[in-house]
**Q** 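Starting off with a structure, shown below.
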Amino acid sequence: MRMTCTAKKCGIRLQPPAIILIYENEMKGKSRQRIMPVRNFSKFSDCNRAAEQLKNNPRHKSYLEQVSLRQLEKLFCFLRGNLRGQSLAETMEQIQRETTIDPEEDLNKLDDKELAKRKSIMDELFEKNQKKKDDPNFVYDIEVEFPQDEQLQSCGWDTESADEF
């Protein structure tokens, strides 16, 4: 029989470094706290890799099922920032820069790892902003009239006839 728990809050402790999870045991209905020590982590460590290792650790796996890898990665970034001597505000600003998508950025120039990171950020934003059938303000089949204040510009390709192909 597998223990089921619902994650409520997840945070970090700086000294000694640890990830702290507050969860509810569904069998007993009690809130519990689990402290997962962070070992072998330095100011040069890869946050993504550390988050994956913690999430896949057999001792913590069942507790961290509902915690996203992105959230764990952010917590490790806060921990790394502290080890580098950065203030909380500096670390938050750096994380904000790394987790926002610049619409003017050319994604074709990124390597595979950075591109995968940007795509996962976009997927997360899509999931967060997506309206589902269960949402209270969900409306099926919305029709929107866009104002046409200016004269529509035509492009050269749409004025040519189809016989030229």
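Sequence positions, counted from 1, serve as the residue numbers for this chain. Remember, it's a predicted structure, so these values are computed and weren't measured experimentally.
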**Q** Is the CG atom of Asn40 crowded by more than 12 outside heavy atoms at less than 6.0 Å?
**A**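 Atom CG in Asn40 is not packed in, count stays at 12 or less.
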**Q** Run the numbers on Phe76 and Ile19 for side chain to side chain contact (heavy atoms under 4.5 Å, CB included), then give the verdict.
**A** CA-CA 9 Å; Phe76 275 104; Ile19 302 290; 4.3 Å; yes
**Q** Rounded to the nearest 0.5 Å, how far does NZ of Lys109 lie from CG of Asp111?
**A** 14.0 Å
**Q** Would a hydrophobic clustering, with Ile, Leu, Val, Met, Phe, Trp and Tyr connected at side-chain separations under 4.5 Å, put Leu72 with Met92?
**A**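 Yes, same cluster.
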**Q** Nearest heavy-atom pair of Gly81 and Thr91: which atoms, and what distance?
**A** CA-OG1, 3.7 Å
**Q** Starting from the C-alpha separation in whole Å, work towards a yes-or-no answer on side chain to side chain contact (heavy atoms under 4.5 Å, CB included) for Glu127 and Lys132.
**A** CA-CA 10 Å; Glu127 289 293 324; Lys132 298 179 179 131; 4.2 Å; yes
**Q** Could you measure the distance from the CD atom of Glu73 to the CZ atom of Arg80? Nearest 0.5 Å is fine.
**A**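 That separation rounds to 8.5 Å.
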**Q** Are Leu14 and Leu54 in one and the same hydrophobic cluster, where Ile, Leu, Val, Met, Phe, Trp and Tyr link if side-chain heavy atoms are under 4.5 Å apart?
**A** yes
**Q** To the nearest 0.5 Å, how far apart are NZ in Lys133 and CZ in Phe138?
**A** 6.5 Å
**Q** Hey, are Arg70 and Ser120 close enough side-chain-wise for a donor-acceptor pair under 3.5 Å?
**A**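 Yes, because at least one side-chain N or O of Ser120 sits under 3.5 Å from a partner of the opposite role on Arg70.
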**Q** Hey, does Met36 have a side-chain heavy atom less than 4.5 Å from the side chain of Asn57?
**A** no
**Q** Is there side-chain contact between Gln96 and Glu93, with heavy atoms separated by less than 4.5 Å?
**A** no
**Q** Are Tyr63 and Val38 linked, directly or through other ILVMFWY residues, by side chains that come within less than 4.5 angstrom of each other?
**A**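 Per the 4.5 Å side-chain linkage, Tyr63 and Val38 are co-clustered.
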**Q** Take atom CG in Asn129; do more than 12 heavy atoms of anything else shown fall under 6.0 Å from it?
**A**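 Correct, the count exceeds 12.
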**Q** If you group Ile, Leu, Val, Met, Phe, Trp and Tyr by side-chain heavy-atom gaps below 4.5 Å, do Ile121 and Leu110 land in one group?
**A** yes
**Q** Please test Gln94 against Arg84 for side chain to side chain contact (heavy atoms under 4.5 Å, CB included), starting from the C-alpha separation and ending with a verdict.
**A** CA-CA 13 Å; Gln94 180 181 355; Arg84 290 179 175 172; 4.2 Å; yes
**Q** Within the 4.5 Å heavy-atom criterion, are Met122 and Leu107 side-chain neighbours or not?
**A**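 A side-chain contact exists here, since the closest heavy-atom pair is under 4.5 Å.
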**Q** Which atom names give the shortest non-hydrogen contact between Pro37 and Ala18, and what distance separates them?
**A**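 Result for this residue pair: CA-CB, 4.0 Å.
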**Q** Okay, side chain of Lys55, backbone of Val67: is any donor-acceptor separation there less than 3.5 Å?
**A** yes
**Q** Give, for atom CG of Leu125 and atom CD of Gln130, the distance between the pair rounded to the nearest 0.5 Å.
**A** 12.5 Å
**Q** Distance from Thr100 atom OG1 to Ile95 atom CD1, nearest 0.5 Å?
**A**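 Here the rounded value is 12.0 Å.
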**Q** I need the minimum non-hydrogen distance between Ile35 and Gln33, along with the two atoms involved.
**A**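 Distance-wise, the nearest heavy atoms are CD1-NE2, 3.5 Å.
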**Q** Go through it in stages, so that I can follow the logic: the residues are Lys74 and Thr99, the test is side chain to side chain contact (heavy atoms under 4.5 Å, CB included), and I'd like the CA-CA distance, side-chain angles, deciding distance and then a yes or no.
**A** CA-CA 9 Å; Lys74 283 182 184 179; Thr99 58; 4.1 Å; yes
**Q** Taking C-beta and beyond as the side chain, do Arg34 and His60 meet within less than 4.5 Å on heavy atoms?
**A** yes
**Q** Would a hydrophobic clustering, with Ile, Leu, Val, Met, Phe, Trp and Tyr connected at side-chain separations under 4.5 Å, put Phe41 with Leu88?
**A** yes
**Q** Quick one: do Glu114 and Arg118 make a salt bridge, cutoff under 4.0 Å?
**A** yes
**Q** Is atom CZ of Arg13 surrounded by more than 12 heavy atoms (other residues, nucleotides or ligands) closer than 6.0 Å?
**A** yes
**Q** Answer whether the closest heavy-atom distance between the side chains of Ile12 and Ile20 falls below 4.5 Å.
**A**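 Contact flag for Ile12/Ile20 side chains = no.
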**Q** Between Asp102 (side chain) and Glu104 (backbone), is there a donor-acceptor pair under 3.5 Å?
**A** yes
**Q** Just how far is it from atom CZ of Phe44 to atom CG of Leu83, taken to the nearest 0.5 Å?
**A** 10.0 Å
